[in-house]
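Heavy-atom basis, side chains included; hydrogens, waters and symmetry copies ignored.
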Amino acid sequence: MTGTETRYLRFVALGDSHTEGVGDGDDVTGLRGWADRLAEHLARHSPQLRYANLAVRGRLAGQVHAEQLPAALALRPDFATVVAGVNDMLRPRFDPDEVAAHLEAMFAALTGQGARVATLTIPDIARVTPLARPLRPRLEALNHRVRAAAHRHGVVVADVTLYPVATDPRLWSQDRLHSSPLGHQRIAAALAHSLNLPDTDDSWTHPLPILPAGRARFLRAASAEVRWVAGFLGPWIGRRARGRSSGDGRVAKRPDLLSVGSSGQHSGRAFQRGQEPSVDWQTPRSIEFRLSEHE
């Protein structure tokens with residue numbers, strides 16, 4: 001599929017840690033993430049593209065609305081992405097109507113200014129983290145509202161939750177709440193395909209090679225579950241109890257519109273069409289869990 005020749009000049013990404021790029025790089029080497037990868041794809045066809053990423057980890061949808069939308073509007077993007085709501089879903093008090101209202105307000109403001117807007121649905125993380133099963137009704141409620149709000153404002157939806165590969169553990173980082181480099185690559189490809197950009201196809205929906213079953217794999221998974229509870233869930237609950245967030249003191253990594261590859265952009269190489277980050281299919285990193293920087 002060749003896609004259309006729509007060219008964008010100003011791309012602004014709004015959101016939380018997922019858009020910031022957590023799980024794809026680190027704070028020492030720099031975060032990449034699906035938004036940076038999508039900007040690279042756009043820039044291959046629109047060399048004059050400038051890109052800003054206003055996302056900050058730990059932000060709730062209301063905070064993205066209040067803190068990032070005014071700055072985004074001031075940058076006058078012709079293309080924007082809005083992805084938020086996961087942090088809200090993890091809070092004890094969750095109102096899907098309230099979260100969706102914040103998202104819809106951002107959709108309306110950005111499209112009203114003339115920008116094309118894209119968003120994502122949230123995959124069923126209960127398939128990656130069994131302890132997250134109680135969150136499934138919240139996730140389904142939010143996804144339903146996001147689709148409806150997007151439809152009302154002509155927002156493009158990359159409905160990744162429809163495809164089983166979205167919950168393959170190899171697409172998720174060690175904390176099971178952020179995408180791995182491969183996961184970020186697939187998200188960028190999903191958005192590019194949903195936008196009907198040139199040089200895109202549905203290969204992002206294709207399953208990964210099947211892992212061999214066996215008792216050893218089962219025991220590793222069970223051990224990983226214990227380590228995840230101790231290494232991520234416990235510390236996360238502790239931060240919540242202290243009223244802290246991983247986003248405290250953080251600012252956007254790329255608050256200004258800059259050419260892709262200039263100061264503020266990650267230093268990692270771009271993957272060309274058909275290429276994906278190298279992955280050990282037999283021993284995915286996602287079964288070796290450690291402490292996360294998540295909200």
> Taking only residues two or more places apart in sequence or in another chain, which ones pass side-chain hydrogen bond (donor to acceptor under 3.5 Å, both in side chains) with N143?
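Expected list: none.
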
> Checking side chain to side chain donor-acceptor pair (under 3.5 Å) against D24, which of R37, H184, R32 comes through?
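Going through the options one by one, the only one that passes is R37.
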
> Using a 3.5 Å distance criterion without hydrogens, assess whether the side chain of K253 forms a donor-acceptor pair with backbone atoms of L31.
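Looks like yes, one N/O pair under 3.5 Å.
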
> May I ask you to test the L49-L9 pair for a side-chain heavy-atom distance under 4.5 Å?
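They are not in side-chain contact.
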
> For D159 and T121, what are the C-alpha separation, side-chain angles and deciding distance, and is it a side-chain hydrogen bond (donor to acceptor under 3.5 Å, both in side chains)?
CA-CA 5 Å; D159 211 345; T121 53; 2.8 Å; yes

> Are any of the side-chain nitrogens in D88 or R59 under 4.0 Å away from the carboxylate oxygens of its partner?
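No salt bridge links D88 with R59.
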
> Do we see a donor-acceptor contact under 3.5 Å between the side chains of H18 and S179?
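No - no donor-acceptor pair under 3.5 Å links their side chains.
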
> Say whether L135 and L120 are linked into one hydrophobic cluster, either directly or through other cluster members, by side-chain heavy-atom distances under 4.5 angstrom.
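Yes; tracing contacts between hydrophobic side chains, which count when under 4.5 Å, links both residues.
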
> Pair H65, V99 - check side-chain contact (heavy atoms from CB on, under 4.5 Å), show working.
CA-CA 10 Å; H65 183 189; V99 174; over 6 Å; no

> Got a second to check how far L197's CG is from L191's CG, nearest 0.5 Å?
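L197 atom CG to L191 atom CG measures 9.0 Å (nearest 0.5 Å).
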
> If you apply the rule side-chain contact (heavy atoms from CB on, under 4.5 Å), what do you find for M106 with V64, and how did you get there?
CA-CA 9 Å; M106 290 187 275; V64 176; 3.7 Å; yes

> Identify the two heavy atoms, one from V260 and one from A39, that lie closest to each other, and give their separation to 0.1 Å.
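For V260 and A39, the tightest heavy-atom pair comes out as CG2-O, 3.9 Å.
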
> Can you tell me how far CG of L110 sits from OG1 of T81, rounded to the nearest 0.5 angstrom?
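That separation rounds to 9.5 Å.
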
> Which residues satisfy the side-chain hydrogen bond (donor to acceptor under 3.5 Å, both in side chains) test with H153, sequence neighbours excluded?
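Partners of H153 under the side-chain hydrogen bond (donor to acceptor under 3.5 Å, both in side chains) test: E104.
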
> First locate atom CZ of R186, then atom CG of L208, and finally report the distance between them rounded to the nearest 0.5 Å.
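Reported to 0.5 Å precision, the distance equals 5.0 Å.
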
> Hey, is CD on Q48 packed in by over 12 heavy atoms from elsewhere, all under 6.0 Å?
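For Q48, atom CD is not crowded (no more than 12 foreign heavy atoms under 6.0 Å).
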
> Is H151 atom NE2 crowded by more than 12 heavy atoms from other residues, nucleotides or ligands, each under 6.0 Å away?
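No, not enclosed.
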
> Using side-chain contact (heavy atoms from CB on, under 4.5 Å), reason through L103 and V146 one step at a time and then give a plain yes or no.
CA-CA 8 Å; L103 294 171; V146 167; 3.7 Å; yes

> Below 4.5 Å, heavy atoms only, C-beta onward: do L195 and H41 meet side chain to side chain?
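Side-chain contact under 4.5 Å: no.
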
> Taking all heavy atoms of A61 and all of A84, pick out the closest pair and write down the distance.
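In this case the closest contact between A61 and A84 is CA-CB, 4.2 Å.
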
> Who passes side-chain hydrogen bond (donor to acceptor under 3.5 Å, both in side chains) against N53, sequence neighbours left out?
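side-chain hydrogen bond (donor to acceptor under 3.5 Å, both in side chains) check on N53 returns Y51.
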
> Are the side chain of T167 and the backbone N or O of P164 linked by a donor-acceptor pair below 3.5 Å?
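Checked: pair present.
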
> Does the pair D124/R127 count as a salt bridge with the N-to-O cut at 4.0 Å?
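The answer is yes: the pair qualifies as a salt bridge.
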
> Let me confirm one number: the OG1-CG distance from T19 to L54, rounded to the nearest 0.5 Å.
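So the OG1 of T19 and the CG of L54 are separated by 10.0 Å.
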
> So does F107 get a backbone contact from the side chain of T111, meaning a donor-acceptor N/O pair under 3.5 Å?
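Confirmed, T111 side chain pairs with F107 backbone.
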
> List the steps and the verdict of side-chain contact (heavy atoms from CB on, under 4.5 Å) for V117 and V156.
CA-CA 6 Å; V117 178; V156 174; over 6 Å; no

> Are more than 12 heavy atoms from other residues, nucleotides or ligands located less than 6.0 Å from atom CZ of R136?
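Atom CZ in R136 is packed in, count exceeds 12.
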
> Strictly distance-based, threshold 3.5 Å: is any side-chain N or O of E20 a donor or acceptor partner for the main-chain N or O of V56?
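Checked: no pair found.
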
> Kindly indicate whether the side chain of Q113, heavy atoms from C-beta on, has any atom under 4.5 Å from the side chain of P77.
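Touching, per the 4.5 Å side-chain cut-off.
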
> Output yes when a side-chain donor or acceptor of S194 lies under 3.5 Å from a complementary backbone atom of A190, and no otherwise.
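The answer is yes, because a donor-acceptor pair under 3.5 Å joins these two groups.
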
> State, to 0.1 Å, how close V157 and A150 come at their nearest heavy-atom pair, and which atoms those are.
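What the structure gives for the nearest pair is CG2-CB, 3.3 Å.
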
> Shortest non-hydrogen contact from S173 to G23?
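Heavy-atom minimum between the residues: CB-CA, 4.3 Å.
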
> Measure the spacing between CG of L177 and OG of S17 and express it to the nearest 0.5 Å.
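With rounding to 0.5 Å, CG (L177) is 8.5 Å from OG (S17).
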
> Can a donor-acceptor pair be found, under 3.5 Å and without considering hydrogens, that links the side chain of T119 to the backbone of V82?
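Checking the backbone N and O of V82 against the side chain of T119, a donor-acceptor pair under 3.5 Å is found.
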
> Less than 4.0 angstrom from a charged side-chain N to a carboxylate O is my criterion; do D95 and R138 meet it?
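No salt bridge links D95 with R138.
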
> Work out which heavy atom in T161 is nearest to a heavy atom in P123; give both atom names and the distance.
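That closest heavy-atom pairing would be OG1-CA, 3.7 Å.
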
> Within the 3.5 Å criterion, strictly below it, is a donor on H193 or W204 matched to an acceptor on the partner's side chain?
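A donor-acceptor contact under 3.5 Å links the two side chains.
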
> Enter the distance from D16:CG to L60:CG here, rounded to the nearest 0.5 Å.
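One gets 9.0 Å once the value is rounded to the nearest 0.5 Å.
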
> If the threshold is 4.0 Å, N to carboxylate O, is there a salt bridge linking R116 and D78?
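Answer for the salt bridge query: no.
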
> Does the plane of the ring in F79 sit parallel, tilted or perpendicular to the ring in F11? Use 30° and 60° as the thresholds.
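F79 and F11: tilted rings.
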
